[in-house]
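Just so it is clear, the model here is predicted, and its values are computed rather than measured.
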Amino acid sequence: MAKDKLNIVDKNDNIIGTESREVIHSKGLLHREVHVHFVTHKNEIIFQHRAKDKDTFPDLLDATVGGHVEIGDNYSESAIKESLEETGVEVRISDLIPLDKVHNKSEDKATGKINHAFQQEYIYIYKGRAADLKVEDGKGLGFEVLSVEKLLSLSEDEKRKFIPYVYKFATTVLTDYIKNKL
């Protein structure tokens with residue numbers, strides 16, 4: 001199977017076919033993704049700054065780790081692979097805290113691409129320094145660390161630096177979990 005092919009899923013997250021990443025994002029076909037949110041012991045969230053040439057949501061802040069679930073993988077396997085690729089950190093399944101699986105559909109106004117996915121959201125308690133994370137070549141520009149308090153008090157201009165659905169998730173489900181369960 002070609003590397004750029006992904007599974008297409010139905011509204012119940014059952015695999016119903018495959019298609020190229022380009023077609024999936026052009027037509028807004030439902031597929032699978034993972035996000036891993038690195039949280040520090042100081043209740044800070046580490047966001048990845050996406051590369052300026054990404055096909056969806058370029059030059060915006062995203063979850064620390066994000067990626068498609070490749071054909072033959074499940075959500076947790078993809079979270080582990082993507083974490084290593086995008087940060088250089090070896091994460092184990094037992095280190096992942098599953099938060100929520102969300103069904104999200106959003107259009108990137110800048111590129112016209114549609115991201116329509118089931119996104120399995122995880123927290124990973126990161127014990128290192130953000131400066132030690134390795135940026136994946138060509139995929140990101142670096143990492144930005146924000147405390148929960150700072151995240152919740154951003155100006156409208158600062159909020160526009162995020163992928164909208166990532167900002168919404170981070171300021172609701174993610175910050176609620178950090179405040180009440182960590």
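In this structure the side chain of S147 never reaches within 4.5 angstrom of the side chain of K42, judged on heavy atoms. Within the 4.5 Å cutoff, the side chain of Y177 has heavy atoms near those of the I97 side chain. Using a 4.5 Å cut-off on side-chain heavy atoms (C-beta onward), R92 and I80 make no contact. The side-chain heavy atoms of L151 and F47, taken from C-beta on, include a pair separated by under 4.5 Å. Contact of the H35 side chain with the E82 side chain is not registered, since no non-hydrogen atoms from C-beta on lie closer than 4.5 Å. Using a 4.5 Å cut-off on side-chain heavy atoms (C-beta onward), V89 and F38 make contact. Looking only at side-chain heavy atoms (C-beta outward), K54 and T111 stay at 4.5 Å or farther from each other. Counting heavy atoms from C-beta outward, F169 and H37 have side chains that approach closer than 4.5 Å.
A side-chain donor from one of S76 and N74 sits under 3.5 Å from a side-chain acceptor of the other. Inspection of the E33 and N104 side chains reveals no N or O donor paired with an N or O acceptor under 3.5 Å. Residues H49 and D59 bring a donor and an acceptor atom of their side chains to less than 3.5 Å of each other.
Here the side chain of Q120 pairs a donor or acceptor atom with the backbone of D100 at under 3.5 angstrom. The main-chain N or O of L29 is found under 3.5 Å from a side-chain atom of H31 such that the two form a donor-acceptor pair. In this structure, the side chain of E86 engages the main chain of G66 through a donor-acceptor pair within 3.5 Å.
Between G138 and D53, the closest heavy-atom pair is O-OD1, 4.0 Å. Taking each heavy atom of A170 and T175 in turn, the nearest pair found is O-CG2, 2.7 Å. Closest heavy-atom contact between I46 and A130: CD1-CB, 4.2 Å. Heavy atoms only, all atoms of each residue included: I114 and S26 are closest at CD1-O, 4.4 Å. Scanning all heavy atoms of the two residues, the minimum distance from L141 to A51 falls at CG-CA, 3.9 Å. Pairing each heavy atom of Y122 with each of P98, the nearest pair is CD2-CA, 3.7 Å.
Counting non-hydrogen atoms of neighbouring residues, nucleotides and ligands closer than 6.0 angstrom, the NZ atom of K134 reaches no more than 12 such neighbours. Applying the 6.0 Å contact sphere to CG of N14 captures more than 12 heavy atoms from other residues, nucleotides or ligands.
Taken to the nearest 0.5 Å, the CD1 atom of I8 stands 10.5 Å off from the CD1 atom of I15. Rounding to the nearest 0.5 angstrom, the gap separating the CG atom in L61 from the CZ atom in F162 is 5.0 Å. Annotation: the span from L146 atom CG to N43 atom CG amounts to 13.0 Å, rounded to 0.5 Å. The CG atom of D10 sits 7.5 Å away from the CG atom of L30 when rounded to the nearest 0.5 Å. A distance of 12.0 Å separates CG in L60 from CD in Q48, rounded to the nearest 0.5 Å. Expressed to the nearest 0.5 Å, how far NE2 of H103 lies from NZ of K11 amounts to 10.5 Å.
Under the 4.5 Å side-chain heavy-atom criterion for ILVMFWY residues, a single connected hydrophobic cluster contains both I16 and L6. Under a hydrophobic-cluster definition in which Ile, Leu, Val, Met, Phe, Trp and Tyr are linked whenever side-chain heavy atoms come within less than 4.5 Å, directly or via other members, L152 and L99 are assigned to the same cluster. Side-chain heavy atoms closer than 4.5 Å link hydrophobic residues (I, L, V, M, F, W, Y) into clusters, and following such links, possibly through other members, connects F57 to L174. There is a path of hydrophobic side-chain contacts, each under 4.5 Å, that joins V135 to V91. Hydrophobic clustering, with ILVMFWY side chains joined whenever heavy atoms are under 4.5 angstrom apart, groups V34 together with Y126.
The pair K113-E22 meets the salt-bridge criterion, since a charged nitrogen lies less than 4.0 angstrom from a carboxylate oxygen. Between K161 and E158 there is no salt bridge, since no side-chain nitrogen of the basic residue lies less than 4.0 Å from a carboxylate oxygen of the acidic one.
A side-chain contact (heavy atoms from CB on, under 4.5 Å) with I45 is found for exactly one of T171, V145, I123, I178, namely I178.
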- Message: Apply side-chain contact (heavy atoms from CB on, under 4.5 Å) to residues T87 and F143 and explain how you reach the verdict.
- Response: CA-CA 9 Å; T87 67; F143 298 94; 4.1 Å; yes
- With side-chain contact (heavy atoms from CB on, under 4.5 Å) as the test, would you mind laying out the steps for N115 and Y165 before giving the verdict? CA-CA 11 Å; N115 195 37; Y165 62 82; 3.1 Å; yes
- Message: Under the criterion side-chain contact (heavy atoms from CB on, under 4.5 Å), I'd like the reasoning laid out for D73 against R32: C-alpha separation, chi angles, the key distance, then a yes or no.
- Response: CA-CA 10 Å; D73 286 349; R32 295 174 171 167; over 6 Å; no
- Item | Stepwise side-chain contact (heavy atoms from CB on, under 4.5 Å) check, T56 with I163 | CA-CA 10 Å; T56 57; I163 296 173; over 6 Å; no
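Geometrically, K101 engages F118 in a cation-pi contact defined by less than 6.0 Å to the ring centre and at most 45° from the axis.
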